[in-house]
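Each chain gets a letter, A, B and so on, in the order its sequence line appears, and its residues count up from 1. As a basis for the values below, the full set of heavy atoms in this structure was taken, side chains included, without hydrogen atoms, waters or symmetry mates.
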Number of protein chains: 2
Amino acid sequence: MVDPLDLDVDNCTIARAMEILGEKWTIVVLREVFTGIRRFDDMRVRTKIPRQVLANRLAGLVEHGVLRREPYREPGARERHEYRLTEKGFDLYPVLIALAGWGNRHLADPEGPPIEYVHRDCGAKVHLETHCAAGHVIDDRRAVLPRPGPGTRLRDKNR
Amino acid sequence: MVDPLDLDVDNCTIARAMEILGEKWTIVVLREVFTGIRRFDDMRVRTKIPRQVLANRLAGLVEHGVLRREPYREPGARERHEYRLTEKGFDLYPVLIALAGWGNRHLADPEGPPIEYVHRDCGAKVHLETHCAAGHVIDDRRAVLPRPGPGTRLRDKNR
DNA sequence: CCCGCTGAGTCTGTCAATCAGACCTAGCCT
DNA sequence: AGGCTAGGTCTGATTGACAGACTCAGCGGG
């Protein structure tokens, strides 16, 4: 059993994910896109993100392959662009649901949260379950352990 | 059916969650605590977070009730403090797992990710499943819809 | 043909946060 | 007394967020 203090965690994918998702407003932009808001000004009006920041976030998400910029044209208007999720972007749904779950439990106003996620087919609220590959459902969060994976490296001695 | 553009989303709990979790390094601090690293200097050495920022993040997480500061004393040393998860903090496990799942799929080095989460009892890798309250497993992410919740408010007209 | 509107930005200056590196401090050990 | 260590604080430089003004292309109305 390796001491976690001897591991180099520079290539940790959680940190890499947060480099993309952790900039201010990025998750809010994604929430908008998941809600079906796809246009610059609609997002800006709903969220009050500064224009510059919104432009930067959208460009960054496109660059990282989370969103794609699609041309569209409404009758009698010139061509514009809207932002849509890529498959990589759709894969973020669990992150959104997990954040909403935690926020709804611990941070909501007394009257309740303003957004819930429901199953399209039956209308029931959606939640996440933790499972292991052997098929067990994991209710006790203490039963989940972090373990060194295949990309594990050791740290050099300059502690 | 209400137009999402008419909704006020200022009280969205996802945005509130990101106010706590979205500051730079916060999630990395949490990853450390979930990994069992509980002391200031251990975190600093592993993660290379600037001291000041680490101090601020730990204080912020304590203030928000995600971590608690526990005194401890090793024999022959003076009293010190370590940081441990509260129940509210433990509830963030799905967020960590979701981020790690996405990162491991889309952002890992070719040799693989450095950290995996496994089931303590059987050693098998852990993943999240999306379920609805009616018991359906939701595989198609397009089958999840955001819906106005009990805390929904309308936006005023100053669009 | 000129005018103004609209969506989607860019530009500018201010203010707050992050960063690296030096400095500080309480209590233990020799 | 002097040094070491964990866990911080202080300082100055860089980067990022922000509000508000400006730009620009193309359409529709007069």
Whole-Å distance between [N] [atom2] and [X] [atom1]?
{"X": "B/I49", "N": "C/dT18", "atom1": "CD1", "atom2": "P", "answer": "11 Å"}
{"X": "B/E79", "N": "C/dG27", "atom1": "CD", "atom2": "P", "answer": "10 Å"}
{"X": "A/I37", "N": "C/dG7", "atom1": "CD1", "atom2": "C1'", "answer": "16 Å"}
{"X": "A/R57", "N": "C/dT10", "atom1": "CZ", "atom2": "P", "answer": "14 Å"}
{"X": "B/E74", "N": "C/dC29", "atom1": "CD", "atom2": "P", "answer": "12 Å"}
{"X": "B/L54", "N": "C/dA20", "atom1": "CG", "atom2": "P", "answer": "13 Å"}

Base-contact (B) and sugar-phosphate-only (S) positions in nucleotides 5-11 of chain D, heavy-atom cut-off under 4.0 Å, - elsewhere: BBBBBBB
Residues which pass side-chain contact (heavy atoms from CB on, under 4.5 Å) with B/T130, listed by chain and number, not counting sequence neighbours: A/V126, A/L128, B/I138, B/V144
For B/R16 against A/A108, the heavy-atom pair lying closest together: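 Scanning both residues completely, I find the closest heavy atoms to be NH1-C, 4.0 Å.
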Shortest non-hydrogen separation from B/F90 to A/R142 and the atoms involved: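 B/F90 and A/R142 have their closest heavy atoms at CE1-NH1, 3.4 Å.
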Parallel, tilted or perpendicular: ring planes of A/H131 versus B/H127, cut at 30 and 60 degrees: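 Geometry flag for B/H127 against A/H131: tilted rings.
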Which residues share a ring-ring contact (aromatic ring centres under 6.0 Å, His included) with B/H64, sequence neighbours left out: none
Salt bridge (charged side-chain N to carboxylate O under 4.0 Å, His left out) contacts touching residues 114-130 of chain B (sequence neighbours left out): A/R147-B/E116, B/E116-B/K125
Sequence neighbours excluded - salt bridge (charged side-chain N to carboxylate O under 4.0 Å, His left out) pairs with any residue from residues 68-77 of chain B: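 Found B/R39-B/E74, B/R68-B/E70.
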Passing candidate, side-chain contact (heavy atoms from CB on, under 4.5 Å) with A/I14, options B/L30, B/I97, B/L96: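 That would be B/L96; it is the only one of B/L30, B/I97, B/L96 passing the side-chain contact (heavy atoms from CB on, under 4.5 Å) with A/I14.
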Sub-4.0 Å heavy-atom contacts from residues 10-31 of chain A onto DNA chain C, ordered by number: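 The answer is none.
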